[in-house]
Amino acid sequence: MSGCGGGDDDAVTFFFQARPEEARSRLKIIDEFRRRRPDITIRTIMSGPDPLQQMLTYCAGGKCPDVLMSWELLYAGLAERGVLVDLQGLLDRDPRYAAELHADGYAPLRDTFLWRGGQYALPEQWSGVFLYYNRKLFAEAGIQPPVRWSEAWGYAEFLAAATALTRRDSGGRTQQWGFVDAWVPYFSAACFGMNNGAEWFSPPVQPVRTNIGDPRFAEGLQFYADLAVRHGVAPSVGDRQSVSAQDLFRSGKAAMLMGGHWLYSEFTGHDGLDFDVTVLPVGPHGGPGAMTDVGSTGLAIAAASPRREQAWEFVKFATGPEGQALIAASGLFVPVLKSAMHTTGFADAHRGIRNLEVFTEGPANSRQMAVTPQWGKVEALLERGCNRVLRGAATADSLGGRTATDIDAVLRAAT
Amino acid sequence: MSGPERGATGLLSGESAAGAEARPPAAERGRGRAGATALARRRARAGALFIAPNLAAVAVFLLFPLGFSLYLSFHSWDLFSAPRFVGMDNYRRLFTADPLFYIALRNTAVFTVLTLVPTVVISLAIAALLNRKLAGIAVFRTIAFLPLVASTVAMAVVFRFIFASDDGLLNRMLGWIGLGPVPWLTDPDWALVSLSLVTVWKSVPFATVILLAAMQGVPENLYEAAQIDGAGAFRRFRSITVPLIRGALSFVFVITIINSVQAFDQAYALTGSNGGPETGTYVLGIMLFQNAFRFYEVGYASALAWVIFAILLVLTLIQLRLSRRAEADL
């Protein structure tokens with residue numbers, strides 16, 4: 001795999017971030033594309049820990065990769081700076097393909113990459129979050145979790161389950177956690193807020209205000225914080241410094257784990273870990289069904305690419321029915337087309353999962369978090385405000401004050 | 001500028017250098033003037049050629065970035081569109097419209113004090129111990145200097161485990177002596193203390209090297225005379241060692257202040273890119289990085305860089321003046 005962009009050869013450069021297993025799966029798709037289109041060469045560029053910074057550095061330096069992996073939360077900054085090409089023009093040239101993609105895809109995922117009327121990326125994988133659970137621990141406690149997004153637990157039921165699944169020794173030290181979080185805590189907390197009937201940002205794409213001060217959102221966020229702070233069924237901010245949520249779940253010391261499909265390969269193939277997946281709980285003001293975040297990543301093409309046509313052929317393949325079927329059968333991603341989602345390949349790749357509806361219904365039950373070119377600033381403010389709440393030094397209501405005002409000012413400046 | 005330095009600078013101007021060195025006797029002056037001038041010119045050209053690569057490197061890698069960052073500090077630039085001239089807006093925004101600047105300034109000031117005092121005290125003590133002629137002292141010197149070669153990021157990662165609230169080594173040790181756990185990295189106030197501890201750990205070896213070198217230059221007969229006069233070890237240290245290493249101490253002060261005000265890597269690795277928790281470790285270095293490489297407000301970050309430069313310049317000048325006054329008092 002190449003580690004640098006540009007070069008004077010005629011290869012289409014493809015920039016992405018992936019863990020080793022994901023990279024191997026991506027290479028399968030690239031190999032298949034090479035087989036079908038030997039006239040187009042693809043050269044991969046792996047991202048470091050901060051892909052946005054890397055992409056901006058490459059592109060500002062005139063070495064922008066041709067195809068760029070795009071994150072729901074990050075792509076708007078690139079689109080706003082003119083780094084990405086509006087794919088709508090390319091879709092318009094290919095109306096049959098566009099219509100097929102439209103009918104087969106999921107609106108929440110596709111609309112995530114609509115920025116100022118342009119389609120700046122096509123969804124490639126669904127990465128929304130849900131709950132992994134340990135089947136054995138659930139059976140021992142006699143708990144039956146929901147199997148689909150429309151039949152979610154209420155907050156009270158979820159808390160009762162997490163409490164029943166938390167075990168402490170005689171000295172008060174926790175031996176088994178009911179719930180652990182393997183995602184970004186304030187993102188997870190926001191999902192709980194959204195599941196209590198209030199969206200995080202309004203509108204989610206190009207937002208003009210945040211709703212973290214909305215009492216329903218604050219109640220959901222507080223419920224998440226209280227799992228650790230008040231109820232002790234989840235590791236506290238301090239506990240999380242020395243324990244890895246994945247390790248706890250893998251070793252049977254946590255009954256439920258919140259995360260996305262990217263963790264699936266870490267949990268399969270572990271003897272003694274019998275797990276399944278379930279949906280997020282719904283608060284008293286939310287519902288009727290549960291929702292998750294879009295969390296989707298897509299593929300975009302650099303506006304400065306001299307190989308736009310070849311790049312488009314690759315993007316079409318990876319985001320279209322053929323590439324998506326390969327993705328589905330690899331078991332490493334959840335595809336973004338209905339046709340791929342319902343293939344036997346996808347089911348075979350998730351043979352241990354009985355609640356496959358959590359995946360197959362996931363994209364349709366996804367909601368955007370926020371799409372703004374000022375995400376970096378907004379995130380810094382969110383982290384600052386939410387830290388106080390998550391460590392128990394303030395209540396979620398406090399976010400409606402200074403934090404919300406500062407975020408709204410940043411959002412206003414961006415519109 | 002001191003005498004020798006002035007002389008060295010003079011040598012750079014080829015004419016005068018060649019003239020001073022190769023002046024012919026009076027009788028030959030008329031005949032040899034043309035040859036001597038040609039020689040002087042050749043020498044000047046050769047000199048210029050020799051220093052040209054260095055001058056070019058200084059111009060390209062030092063003067064140009066300096067000048068460009070000053071230029072950018074009066075512009076708004078997001079890396080892609082052309083820089084837009086905004087005059088003093090970036091500086092005005094920094095001083096009047098960004099409350100985070102004052103938070104960063106206060107944190108940096110507290111962090112500098114928390115780092116400077118222990119660094120100087122501990123490195124003085126360690127240098128004094130290592131200055132003794134004992135068997136096996138070379139081994140202790142090596143151990144004492146080990147943090148100097150450790151990667152800042154790697155050591156910050158190790159310290160994250162040491163500072164962990166629940167199972168961290170430090171809290172376990174506090175537990176052994178009956179003290180409750182401290183939220184080293186989860187409480188904003190404690191996080192700054194933790195950051196200072198790590199920085200002191202990293203800074204002490206360098207300061208010790210400087211002070212130890214200075215201590216080894218103190219004439220032995222002064223100690224012998226003081227000992228004969230009945231001065232104890234502490235008195236000898238206070239009245240002989242400290243005054244005679246004042247120059248080195250002053251250098252350690254200045255370098256530690258500069259390093260503290262510019263602190264970035266240890267804060268980034270220990271508490272993240274946002275200077276958390278909350279604004280607990282939001283120091284000027286983090287603010288600079290955040291604005292330049294996370295928010296892509298390069299002009300604003302350049303203005304902040306120049307403000308940091310001005311702060312350091314003032315602090316260094318004050319320190320130099322104080323140390324000169326102290327030298328005059330000796």
Side-chain angles (χ1 to χ4, degrees), chain A residues 49-50 52-62 64 74 77-84 173-174 184-186 228 235-243 303-304 373-394 398 402-403 406 409-410 413-414, chain B residues 76-82 93 97-100 103 153 157 159-172 180-191 194 268-282 286-287 289-298 300:
Chain A
D50 190 340
L52 181 64
Q53 192 179 343
Q54 208 166 338
M55 282 189 281
L56 280 164
T57 311
Y58 278 148
C59 299
C64 206
L74 304 179
L78 297 170
E80 189 76 352
R81 288 178 171 90
V83 174
L84 308 179
R173 281 182 74 85
T174 307
V184 182
Y186 48 96
S236 66
V237 173
D239 296 324
R240 287 176 70 135
Q241 290 179 317
S242 54
V243 292
Q374 294 290 355
W375 178 248
K377 281 188 180 181
V378 171
E379 194 188 6
L381 290 166
L382 281 170
E383 186 183 341
R384 206 166 288 148
C386 289
N387 269 343
R388 282 170 66 78
V389 179
L390 297 178
R391 70 182 173 92
S398 66
R402 184 68 189 268
T403 306
D406 287 350
V410 170
Chain B
S76 171
W77 191 42
D78 69 350
L79 296 172
F80 287 89
S81 29
R93 179 178 151 201
D98 193 344
L100 283 173
I103 290 172
V153 173
V157 170
F159 268 99
R160 277 172 77 149
F161 289 106
I162 293 173
F163 286 133
S165 300
D166 188 32
D167 278 335
L169 181 68
L170 215 49
N171 276 347
R172 279 176 180 236
V182 172
W184 294 107
L185 293 174
T186 53
D187 179 89
D189 295 330
W190 278 107
S194 308
Y268 184 91
L270 200 65
T271 53
S273 59
N274 287 330
E278 292 152 51
T279 51
T281 57
Y282 195 78
I286 289 285
M287 185 178 180
F289 171 81
Q290 197 181 50
N291 280 289
F293 302 110
R294 285 185 68 82
F295 304 161
Y296 303 101
E297 296 193 356
V298 183
Y300 189 56

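What you see is a predicted model, and the numbers here were worked out from it, not measured in a lab. Chain letters run A, B, ... following the sequence lines, proteins first and then strands; every chain starts at 1.
- In this structure, B:Ile162 CD1 and A:Ser242 OG are separated by 13.5 Å, a value rounded to the nearest 0.5 Å.
- B:Tyr282 touches chain A through its side chain: at least one heavy atom from C-beta onward sits under 4.5 Å away, while N, CA, C and O do not.
- Within 6.0 Å of atom CZ in B:Phe161, 12 or fewer heavy atoms from other residues, nucleotides or ligands are found, so the atom counts as exposed in its surroundings.
- Considering only heavy-atom pairs separated by less than 4.5 Å from chain B, the leading option among A:Pro373, A:Gly61, A:Gly376, A:Gly77 is A:Gly376.
- With sequence neighbours excluded, the residues satisfying side-chain contact (heavy atoms from CB on, under 4.5 Å) with B:Ala269 are B:Val153, B:Ala156.
- A heavy-atom distance below 4.5 Å is found between the side chains of A:Arg81 and B:Tyr296.
- Note that the CG atom of A:Leu52 and the CZ atom of B:Arg294 stand 8.5 Å from one another [nearest 0.5 Å].
- No other option in B:Pro183, B:Pro181, B:Pro188 has as many heavy-atom pairs under 4.5 Å with chain A as B:Pro188.
- With a 4.5 angstrom heavy-atom cutoff, A:Val243 does not touch chain B via any of its atoms.
- With rounding to the nearest 0.5 angstrom, the CD atom of A:Gln53 is 9.5 Å from the OG atom of B:Ser273.
- Atom CD1 of B:Ile103 sits about 7.0 Å away from atom CZ of A:Arg384, to the nearest 0.5 Å.
- Within residues 385-392 of chain A, the residues approaching chain B closer than 4.5 Å by heavy atoms are, in numerical order, A:Asn387, A:Arg388, A:Arg391.
- Take B:Phe293 and apply the ring-ring contact (aromatic ring centres under 6.0 Å, His included) test, not counting sequence neighbours, and it matches B:Phe289.
- Annotation for B:Ala164 and A:Gln241: closest pair CA-OE1, 3.5 Å, computed over non-hydrogen atoms.
- The ring-ring contact (aromatic ring centres under 6.0 Å, His included) test applied to B:Trp77 returns no partner, not counting sequence neighbours.
- Between the CD atom in B:Glu278 and the CD atom in A:Glu383 there is a gap of 10.0 Å [rounded to 0.5 Å].
- Using a 4.5 Å cut-off between heavy atoms, B:Thr279 contacts chain A through both its backbone and its side chain.
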